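I have placed the structure first, in the form of structure tokens, so that the comments after it can refer back to it.
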Amino acid sequence: QVQPVESGGGLVQAGGSLSVSCAASGGTFSNYAMGWFRQAPGKDHEFVAHIDWSGGNRYYADSLKGRFTISRDNAKNTVYLQMNSLKPEDTAVYYCAVGRGPYGSTRRGEYDYWGQGTQVTVSS
């Protein structure tokens, strides 16, 4: 099984940028799609982006298109989320998750393994 671990969260001012990473160990990373979700205080998990096994297909939540970019490096077993023009409403715990197969989904139930999350806080 593939176990993901996020890193790179932190505090940033509104308008700034931040990149979070997710390193996966175990299993064959390149067999699986990867997804990013987030959970703001008092809110449900929200889909952010997913990327297929090859990195050739990416999909974003409509509200985040143009600001967030998901990418992966299969040689490093790592998926990335680059976040630009951050807003206070982007404040959340960001989770990466391993898909059940090679193609991603917006649904949480299609992901088997989750990281512990990394906090991203955007100050106004």
Side-chain angles (χ1 to χ4, degrees):
Q1 63 188 34
V2 181
Q3 293 293 342
V5 178
E6 303 92 340
S7 61
L11 175 64
V12 62
Q13 289 188 332
S17 298
L18 196 65
S19 180
V20 291
S21 302
C22 173
S25 61
T28 304
F29 179 75
S30 59
N31 284 353
Y32 303 101
M34 297 295 293
W36 283 99
F37 291 77
R38 68 185 184 183
Q39 186 174 28
K43 295 187 177 181
D44 290 335
H45 279 82
E46 175 188 16
F47 166 75
V48 173
H50 66 66
I51 188 167
D52 75 351
W53 67 278
S54 70
N57 290 288
R58 312 172 193 199
Y59 187 82
Y60 300 91
D62 286 343
S63 62
L64 302 177
K65 287 179 182 176
R67 295 196 298 123
F68 286 20
T69 302
I70 188 172
S71 61
R72 69 188 294 162
D73 185 341
N74 285 344
K76 295 182 178 180
N77 288 358
T78 302
V79 62
Y80 307 94
L81 184 69
Q82 175 67 40
M83 302 178 285
N84 298 327
S85 302
L86 282 161
K87 306 174 182 179
E89 52 263 43
D90 293 318
T91 295
V93 178
Y94 283 73
Y95 298 90
C96 74
V98 182
R100 290 184 173 176
Y103 301 104
S105 171
T106 62
R107 296 181 293 177
R108 288 183 61 202
E110 296 299 318
Y111 295 84
D112 283 333
Y113 303 104
W114 293 74
Q116 81 289 349
T118 187
Q119 177 71 47
V120 172
T121 302
V122 184
S123 63
S124 57

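What you see is a predicted model; the values in this text were computed from it and never measured.
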Using side-chain heavy atoms (C-beta onward) and a distance below 4.5 Å, is [X] in contact with [Y]?
X   : Y    : answer
K76 : S21  : no
Y80 : T69  : no
R38 : D90  : yes
E6  : Q116 : yes
R67 : K87  : yes

Between F37 and Y95, is the ring centroid distance below 6.0 Å? no

How is the hydrophobic cluster of L64 composed, in terms of its other members, when Ile, Leu, Val, Met, Phe, Trp and Tyr link through side-chain heavy atoms under 4.5 Å apart, directly or indirectly? V2, V12, L18, V20, F29, Y32, M34, W36, V48, I51, Y60, F68, I70, V79, L81, M83, L86, Y94, V98, Y113, V120, V122

Show the nearest heavy-atom pair for residues Q39 and K43, with the distance to one decimal. NE2-O, 3.0 Å

Do you know which two heavy atoms are closest between S71 and R58, and how far apart they sit? CB-NH1, 4.1 Å

Mind checking what makes side-chain hydrogen bond (donor to acceptor under 3.5 Å, both in side chains) contact with S17, not counting sequence neighbours? N84

How long is the straight-line distance from [atom2] of [Y] back to [atom1] of [X], given to the nearest 0.5 Å?
X    : Y    : atom1 : atom2 : result
R72  : H50  : CZ    : NE2   : 12.0 Å
E46  : R108 : CD    : CZ    : 12.0 Å
S124 : E89  : OG    : CD    : 10.0 Å

Any donor-acceptor N/O pair, [X] side chain to [Y] backbone, under 3.5 Å:
X    : Y    : result
S105 : R107 : yes
R100 : G109 : yes
S19  : Q82  : no
N77  : A23  : no

Before you tell me yes or no, could you show the steps for T91 and Q119 under side-chain contact (heavy atoms from CB on, under 4.5 Å), namely the whole-Å CA-CA distance, both residues' side-chain angles and the distance that decides it to 0.1 Å? CA-CA 8 Å; T91 295; Q119 177 71 47; 3.9 Å; yes

